[in-house]
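Have a look at the structure below before the remarks.
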There are 2 protein chains.
Amino acid sequence: MAGEKTFQLGPVKVRVHTSGDPGPAKERLSQDRIVDVALAQMTERGYEAVSMRSIAKELGTGPASLYAHVANKDELDQLLVDRVAREFPMPEPDPSRWDEQLKQALLDMLTVYRAHPGVARASLGMIPTSPGALRNAEGVLALCRAGGVPDQLAAWSCDMFALYIGAVAIEEDVWRTRAATASESGEPYGEDAVVAAVHDHFAALPVDEFPLLRSLAAVMTTGDGDDRVGFAVEIMVEGLKAMSARADR
Amino acid sequence: MAGEKTFQLGPVKVRVHTSGDPGPAKERLSQDRIVDVALAQMTERGYEAVSMRSIAKELGTGPASLYAHVANKDELDQLLVDRVAREFPMPEPDPSRWDEQLKQALLDMLTVYRAHPGVARASLGMIPTSPGALRNAEGVLALCRAGGVPDQLAAWSCDMFALYIGAVAIEEDVWRTRAATASESGEPYGEDAVVAAVHDHFAALPVDEFPLLRSLAAVMTTGDGDDRVGFAVEIMVEGLKAMSARADR
DNA sequence: TTCGATCGTAGAACAGTGTTCGTAACCGGC
DNA sequence: GCCGGTTACGAACACTGTTCTACGATCGAA
């Protein structure tokens, strides 16, 4: 609705220049531009805030226009996680410290997810042949190779790592949006308050039914997200090393 | 709309027995009954097929009636995963084979999720104080205790295991529903066909960019869901044992 | 037994959602 | 020049979760 418009009235064709009122001269739509604004909206307003309509509106058009470049919202979601997956930093494998590199790479993946809240929600069920997934898998495989991990173990590890990191990112985002909706309709619901409440709940459990949870309330609620993920990554990589050694033997 | 109905017409009150046409005499609604039919619908028609309206319809009422027993769809989802989590079999810990018991317990959790497709979609971000989650955590903690796992490791392991198993269940369900929608609008899209297509895609990758993926196409696409999960569970439990031993030392 | 307050029940409606249809405009190639 | 396939887009469809509102049933007290 800007720049130039033509009307057909019977045999007469009228060309009208509507001096660009509602925004600058619009470029043509493209899959990239759609993914751009979708990612921007999701990054600053969360997963549920971005819809076909909100994207179209920011692009100055209607939702139907998007379907020329994107088949589905499902496909759009896949494009988003693929775009984000390309940002995962993948180190050059160094056989002398491949395990530390692998752990760091996994933590970096989570950091990238955190920079784009909501995107991770589509990471489960990611198309394994998308460019981002390929890059990711190739990088993890290279690190495993550098560590002498048997091929089959390395292959299955790619799956496990991607699944776990995606799950952590999703869970964090779920709690994030929950805190947001809870804070806008009542008292603040910060992470510390939630953790404290959980701790108290555990500590008040009946002894005969939940003795361990009750006595371990403190350690159950110790540590933030980074601690927990750091631990899990440690476990997985150490387990991978142990099983590699066992396979060699 | 069954059994008995009264009409008020001015000062006159009329009581009419409508001989139970649209169903048996309806009982009162309750949270349990709502969760029952929601779980049944989800089990047989998938996550996206169950809505407040579909539940209400099967209960012979309108969607507004549900909100007297359930605050949200979010809360309903939590009730569903809690209900399912109660079905997780938790073994009596045996210190001589606690590791095998733990592995089996994790696989059993996945089996239960598989029996209720779609429910797992709400498992990420599960309320940790719900009865099902408590039962689950207590059971895992008991197994770790039997294995002499240090408390902090055991506590964080609960998190890791639940997250990973939930993620696997979700991913499986995503592919399941994708296959369903793909088969109803085109040729069948079975698991074997997808795996074969992925294999061919990997094998046809450019050598200079994805040498490992290309050469490892076979092992990357080897094994079904059980194989992959079995491997991941093995890795995690072995890693847990390794780190426990290291902490003792 | 009758009254009255409360709780559960629903119909209707609101503001959204993803998606499709039909038509109009545009663009590259003959 | 024209013309065919792609792109654009308003309108509409069938949904979704949720809220408002009034009506009915229920139960304790008078």
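Just so it is clear: chains get the letters A, B, ... in the order the sequence lines come, proteins before strands, and each one is counted from 1.
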Mutual orientation of the aromatic rings belonging to B:Trp156 and A:Phe231 [parallel < 30°, tilted 30-60°, perpendicular > 60°]: tilted

Residue pair A:Leu76 / A:Ile55, side-chain heavy-atom distance below 4.5 Å: yes

Rounded interatomic separation in angstrom, taking CG from A:Leu66 and P from C:dT19: 11 Å

Backbone of A:Leu107 reached by a side-chain donor or acceptor of A:Thr111 within 3.5 Å: yes

Side-chain donor/acceptor of A:Asp200 to backbone N/O of A:Ala203, under 3.5 Å: no

Ion pair check, A:Asp208 and A:Arg214, cut-off under 4.0 Å: no

Student check: side-chain heavy atoms of A:Arg83 and A:Asp36 closer than 4.5 Å: yes

Nucleic acid contacts of residues 72-84 of chain B, taken as heavy-atom distances under 4.0 Å to DNA chain D: B:Asn72, B:Lys73

Any donor-acceptor pair under 3.5 Å from B:Gln31 side chain to B:His69 backbone: yes

B:Leu59 CG to C:dG11 C1', straight-line distance once rounded to whole Å: 17 Å

Distance, rounded to the nearest Å, where A:Glu58 contributes CD and D:dC9 contributes P: 15 Å

Nearest-angstrom distance from the residue atom CD1 of A:Ile55 to C1' of C:dG16: 15 Å

Flag for A:Gln41-A:Ser54: side-chain donor and acceptor within less than 3.5 Å: yes

Polar atom pairs between nucleotides 4-8 of chain C and protein, under 3.5 Å, N or O only, would you list them?
none

Separation of atom OH in B:Tyr67 from atom C1' in D:dT21, rounded to whole Å: 16 Å

Residue list, side-chain contact (heavy atoms from CB on, under 4.5 Å) with A:Asp192, at least two apart or on another chain: none

B:Ile34 CD1 to D:dG17 P, straight-line distance once rounded to whole Å: 13 Å

B:Asp77 (side chain) donor-acceptor with B:Leu80 (main chain) under 3.5 angstrom: no

Pairs touching residues 168-178 of chain B that satisfy salt bridge (charged side-chain N to carboxylate O under 4.0 Å, His left out), sequence neighbours left out: A:Asp74-B:Arg178, B:Arg114-B:Glu172, B:Arg121-B:Asp173, B:Glu171-B:Arg228, B:Asp173-B:Arg176

Nearest listed nucleotide, side chain of A:Pro63, among C:dT19, D:dT18, C:dA10: C:dT19

Check: A:Leu106 and A:Val229 side chains under 4.5 Å, non-hydrogen atoms: no

Any residue of residues 35-54 of chain A with a heavy atom less than 4.0 Å from an atom of DNA chain C: A:Ser51, A:Met52, A:Arg53

Flag side-chain contact, heavy atom, 4.5 Å: B:Tyr47 against B:Thr177: no

Secondary structure string for DNA chain C (Watson-Crick or G-U under 3.5 angstrom, | for other-strand pairs): ||||||..||||||||||||||||||||||

